[in-house]
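Please read these numbers as outputs of a predicted model, since none were measured by experiment.
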Amino acid sequence: FRRVLFRSARTQPPFRADHVGSLLRSKEVLQAREDLKQGKIDAGALRKAEDKAIRDAVKMQEDIGLQVATDGEIRRGSWHMDFLYQVGGVTKVQDNLKVQFKNAQGVIEFTPAALKVTGKLKLNKTIFGEEFQFLKSATSTATPKLTIPSPSMMHYRGGRAAIDATIYPQMEAFWEDLSKAYADEVEGLYKLGCTYLQMDDTSLAYLNDPAQREHIKQLGGDAEHQHEIYIKLINGALARKPAGMTVCTHMCRGNFRSSWVAEGGYDFVAEALFSSLKVDGFFLEYDDSRSGGFEPLRFVPKGKQVILGLVTTKKGALEKKDDLKRRIDQAAKYVPLDQLCLSPQCGFSSTVDGNALTLDEQIAKLRLVVETAREVWG
C-alpha cells in the first residue's frame, strides 16, 4: 500500500468515515407501520415508535465512532418520493410503469408510485424541517446530516410527459421554478441549523448506462446532454447556499431489496460532473465491477472530496480491511489521498423494505468503515 506521509482527520463534513444515510427499519417500526395501515394505532403511536428508533440509530452511529449521524430515513417509505410529493405543484399518481431491478438471482419488477407536475412548482414549507430538528435534538457528538433527493429526480422518471404542458409550455420555466424551490429549501434548512446536506441522485449515475440513455431518448429527452441539464439545475438549487453549509451528492444506480437498475462506470458524465457540479463532495458507488474503474476521478478538482463507496450494502458478508485499503490506494492514483473518504456504497434501506442483511451486519459494516478510515487517515 502507498505509505501515508501525513495523517489527516477531518473535522468538517464530509468525514473520513461517512455513510449515505438510510438504515434498516427496526421490527418495532415495521410493525407500527403495519398496525397503522390496519387501523390498530394512530399516527401519533407510529411517530412514537419512529422517535425511539431514530434515537437508538443516532446512539448507534455515535457509539461506533462516526462523526456523522442521520435519522436513517426511518420516517420515510421511500428515499425520494416522501420529499417530492411535498413540493407545491406536485400530484401523486400511479403510472403503472414497471422498473426492473437486477440482482445475482435475476430480475425484480417494481411499480413505484409516480408524480405529475400539475401546478407551478414552489416551496410551501421547509420539507423535512421538523424531521431535521428532531434529528438535531437527538445528536450529542455527531454532526446531523439530512438527506433529500436531488432536484433532477423531479424530472428523470417521467420526463416531459409528467409535466402539464398548460402549466409549463416551455421547459425553461420549469427548470427555473424547480431550482428556486430547492434554493428556498436549502436556505430554510440552514436556518434550522442544518450544516450538512446530501442530495441523492440516481439520474447522474443511470445516464452512464447506454440502456438508460436510450430510455431518455424514448421519453423525448436529450440523452447526450441530459446530465448537463441536470448539473445546471442542481447548481441553480445551490446558488444561495450559505457559506456555513456543506452539500454533497450521492450517485446511485438503484437500491431496492439488494437489487439495482443501471450499470457502467462514471466515464460518460465524469468530466462535466466533477468539474462543473458545485457541491463539496461526491459519494460514489464503487462496491463492485458495475461501477467501473477509478480513472474518471482524474477530473475531480482540488478542494472537492470523493467519498469512496467501497463497502456494499447489498449483502451482509463483511469486506476485508486490506482489500479496502488496496482500493483506496488505487483511487489515490487519480485523486490525492487527502481528498478521499470512505463509506458504504449506498443506503441500507432506500425504501421501507430494506436490503437483504441484518441489523448486526449493518452495524459491522459501519464499524468497518470507521476502523479502516482511522487506520488510513488517522
Salt bridge check: are [X] and [Y] linked by an N-O gap of less than 4.0 Å?
X      : Y      : result
Glu375 : Lys325 : yes
Asp184 : Lys180 : yes
Glu371 : Lys321 : yes
Asp353 : Arg25  : no
Asp323 : Arg326 : yes

Would you check if there is a donor-acceptor pair between the side chains of [Y] and [X] at a distance under 3.5 Å?
X      : Y      : result
Glu62  : Thr139 : no
Ser137 : Arg55  : no
Lys125 : Gln86  : yes
Gln61  : Asp63  : no
Lys145 : Gln198 : yes

Pairs flagged by salt bridge (Lys or Arg N to Asp or Glu O under 4.0 Å) wherever residues 267-284 is involved - sequence neighbours left out
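Found Lys241-Asp280.
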
Residues which pass salt bridge (Lys or Arg N to Asp or Glu O under 4.0 Å) with [X], listed by chain and number, not counting sequence neighbours:
X      : result
Glu185 : none
Asp71  : none
Glu319 : Lys365
Glu295 : none

I'd like to check the side-chain hydrogen bond (donor to acceptor under 3.5 Å, both in side chains) partners of Asp82; sequence neighbours left out, ordered by chain and number.
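Listed in chain order: nothing, the list is empty.
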
List for me each residue that meets side-chain hydrogen bond (donor to acceptor under 3.5 Å, both in side chains) alongside Ser152, sequence neighbours excluded, and say none if there are none.
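Here the qualifying residues are Ser150, Asp201, Ser203.
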
Less than 4.5 Å apart, side chain to side chain, heavy atoms only: is that true for Pro344 and Leu366?
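In contact.
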
Linking I/L/V/M/F/W/Y whenever any side-chain heavy atoms sit under 4.5 Å apart, do Phe268 and Ile229 land together?
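Yes, same cluster.
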
Are Ile127 and Ile148 close enough, and set up right, to give a side-chain contact (heavy atoms from CB on, under 4.5 Å), and what steps lead you there?
CA-CA 9 Å; Ile127 302 170; Ile148 64 172; over 6 Å; no

With ring pair (Phe, Tyr, Trp, His ring centres under 6.0 Å) as the rule and sequence neighbours excluded, what pairs involving residues 293-315 come up?
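As it turns out, the ring pair (Phe, Tyr, Trp, His ring centres under 6.0 Å) pairs with a partner in residues 293-315, which skip direct neighbours, are Tyr286-Phe294.
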
Sequence neighbours left out, what pairs pass ring pair (Phe, Tyr, Trp, His ring centres under 6.0 Å) with at least one residue falling in residues 116-135?
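Residue pairs with at least one partner in residues 116-135: Phe83-Phe128.
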
Please say which of Val90, Thr91, Ile163 ends up in a side chain to side chain contact (heavy atoms under 4.5 Å, CB included) with Leu115.
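With Leu115 as partner, Val90, Thr91, Ile163 yield a single side chain to side chain contact (heavy atoms under 4.5 Å, CB included), made by Val90.
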
Give a yes or no on this: more than 12 heavy atoms of other residues, nucleotides or ligands lie within 6.0 Å of atom NZ of Lys120.
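Yes, NZ of Lys120 has more than 12 neighbouring heavy atoms, counting only those of other groups under 6.0 Å.
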
Please enumerate all residues that pass ring-ring contact (aromatic ring centres under 6.0 Å, His included) together with His80, with sequence neighbours excluded.
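For His80 there are no ring-ring contact (aromatic ring centres under 6.0 Å, His included) partners, ignoring immediate neighbours.
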
Between [X] (side chain only) and [Y] (backbone N and O only), is there a donor and an acceptor less than 3.5 Å apart?
X      : Y      : value
Asp18  : Phe15  : yes
Tyr266 : Leu273 : no
Gln67  : Ala142 : no
Lys304 : Val279 : yes

Please collect all side chain to side chain donor-acceptor pair (under 3.5 Å) contacts where either partner lies in residues 216-227, sequence neighbours excluded, each pair once.
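Output for this query lists His225-Glu228.
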
Can you tell me how far apart CG (Leu357) and NZ (Lys314) are? Round to the nearest 0.5 Å.
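Here the interatomic distance stands at 11.0 Å.
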
Quick one: are the ring centres of Tyr230 and His155 less than 6.0 Å apart?
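Ring centroids of Tyr230 and His155 are less than 6.0 Å from each other.
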
Listing, residues 38-49 side-chain donor-acceptor contacts under 3.5 Å, not counting sequence neighbours, or none:
unit_1	atom_1	unit_2	atom_2	d
Gln38	OE1	Lys40	NZ	3.2
Gln38	NE2	Glu34	OE2	2.8
Asp42	OD1	Gly44	N	3.2
Asp42	OD1	Ala45	N	2.9

